Amino acid sequence: MPDLVLKPTPLQNTATPLVLASGSAIRKQLLHNAGLSCLAEPAALEEDVLKAEGLAQGWAASTTALRLAEAKALALYKPEAFVIGADQMLSCEGVLYNKPETQDAARTQLQALRGKTHILHTAVVVCHKGAVLWQYVSEPKLTMRSFSDTFLDAYLQSEGAECLCSVGAYRLEGPGLQLFEQIEGDYSAILGLPLLPLLEALRTLGVTLS
Ligand SMILES: Nc1nc2c(ncn2[C@@H]2O[C@H](COP(=O)(O)OP(=O)(O)OP(=O)(O)O)[C@@H](O)[C@H]2O)c(=O)[nH]1
């Protein structure tokens with residue numbers, strides 16, 4: 001699916017606050033590292049309901065990710081702010097994976113993904129006063145090595161619960177990089193936010209370094 005880009009409506013603004021509708025620490029960190037300070041608050045949203053609708057309707061994974069990103073941003077209604085919503089779906093050979101809930105689930109998931117290429121369908125939206133101003137989808141492709149169970153156990157031992165914060169049970173910025181033999185696509189998108197297009201959209205909306 002091509003990257004969706006809706007040209008944002010240029011607004012003359014300087015003091016509109018920025019809010020990230022996410023509980024993802026790395027997403028907040030990515031924006032902070034890029035020079036943007038923002039409030040971060042997870043959206044109260046039943047993601048599973050929308051994921052189930054996507055499955056029932058036969059939506060592409062990128063469509064479900066976009067709908068979830070939009071729902072998170074709109075659920076956290078902050079009338080005076082630009083609200084960023086984001087979501088990632090992981091697909092591998094037609095199977096969708098969610099964030100593993102336990103180390104055992106992470107082990108099983110990584111055994112299913114090793115030696116194969118998976119896609120991280122990464123969507124981001126910017127909303128203002130209940131309307132979507134801009135949206136984007138990036139779909140990096142990642143190929144895992146056929147690592148051994150011994151390596152996998154050592155990886156899980158070193159990662160501990162950290163790997164449960166990620167849909168792929170890995171942190172690419174950490175030891176997760178050791179799981180891969182090839183990566184195609186945007187690094188920040190893999191971590192959870194396609195930063196370059198998002199920063200361009202925010203500059204168009206008058207949100208620059210803060
Ligand atoms: N640290 C890290 N996190 C990753 C990586 N790849 C994916 N993720 C995280 O995996 C999570 C994907 O699940 P989502 O449902 O999009 O987001 P979430 O963590 O539930 O947080 P919300 O935005 O509040 O829904 C996000 O938090 C991503 O930042 C990675 O390489 N490193």
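In listed order, ligands and their atoms are each counted from 1. Please read these numbers as outputs of a predicted model, since none were measured by experiment.
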Identity and separation of the nearest protein heavy atom to [atom]:
| atom | value |
| --- | --- |
| atom 10 (O) of ligand 1 | V167 N, 3.1 Å |
| atom 7 (C) of ligand 1 | Q88 OE1, 3.0 Å |
| atom 17 (O) of ligand 1 | R27 NH1, 3.1 Å |
| atom 22 (P) of ligand 1 | S22 OG, 3.5 Å |
| atom 31 (O) of ligand 1 | L172 N, 2.8 Å |
| atom 32 (N) of ligand 1 | E173 OE1, 2.9 Å |
| atom 27 (O) of ligand 1 | S24 OG, 2.9 Å |
| atom 24 (O) of ligand 1 | G23 N, 2.8 Å |

G192 N/O under 3.5 Å from ligand 1 N/O: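 For ligand 1, there is no N or O atom that lies under 3.5 Å from one belonging to G192.
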Distance-only N or O hit between ligand 1 and P42, under 3.5 Å: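 No, there is no polar N/O contact under 3.5 Å.
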Separation of [Y] [atom2] from [X] [atom1] (nearest 0.5 Å):
| X | Y | atom1 | atom2 | answer |
| --- | --- | --- | --- | --- |
| L68 | E53 | CG | CD | 10.0 Å |
| L110 | F147 | CG | CZ | 5.0 Å |
| L142 | K116 | CG | NZ | 15.0 Å |

[X] and [Y]: side chain donor to acceptor below 3.5 Å:
| X | Y | answer |
| --- | --- | --- |
| Q109 | N98 | no |
| T102 | D104 | no |
| Q88 | T122 | yes |

Pairwise side-chain contact, L36 with L18, heavy-atom cut-off 4.5 Å (strictly under):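 L36 reaches L18 side chain to side chain.
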A43, G176, S166: member with heavy atom nearest to atom 5 (C) of ligand 1: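 Looking at heavy atoms only, the winner is S166.
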Option with minimal heavy-atom separation from atom 25 (O) of ligand 1, where the choices are K28, K72, H121, K99: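 Residue with the shortest heavy-atom distance to the ligand atom: K72.
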Whether C165 lies under 4.0 Å from ligand 1, heavy atom: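 Heavy atoms of C165 do come under 4.0 Å of ligand 1.
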Sub-4.0 Å heavy-atom approach of E47 to ligand 1: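 Yes; E47 lies near enough to ligand 1 that a heavy-atom distance drops under 4.0 Å.
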Atoms in ligand 1 with a heavy atom of I190 nearer than 4.0 Å: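 Those of ligand 1 that fall under 4.0 Å from I190 are 5 (C), 6 (N), 7 (C).
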Under-4.0 Å heavy-atom contact with ligand 1, by part of I26 that carries it: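 Looking at I26 and ligand 1, just side chain atoms fall under 4.0 Å.
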A25 and ligand 1 - part of the residue with a heavy-atom distance under 4.0 Å: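 Neither; no heavy atom under 4.0 Å.
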Face-on cation placement of R145 at F151 ring, 6.0 Å and 45° thresholds: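 Because its charged atom sits under 6.0 Å from the ring centre and within 45° of the axis, R145 does stack over F151.
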Within 6.0 angstrom of Q157 CD, more than 12 heavy atoms from elsewhere: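 It does not: Q157 CD has 12 such atoms or fewer within range.
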Candidate pair H121 and Y97, rule ring-ring contact (aromatic ring centres under 6.0 Å, His included), full reasoning: CA-CA 11 Å; H121 310 272; Y97 293 81; over 10 Å; no
Aromatic ring pairing F180/H118, orientation class (parallel under 30°, perpendicular over 60°, tilted between):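 It falls in the tilted class, 30° to 60°.
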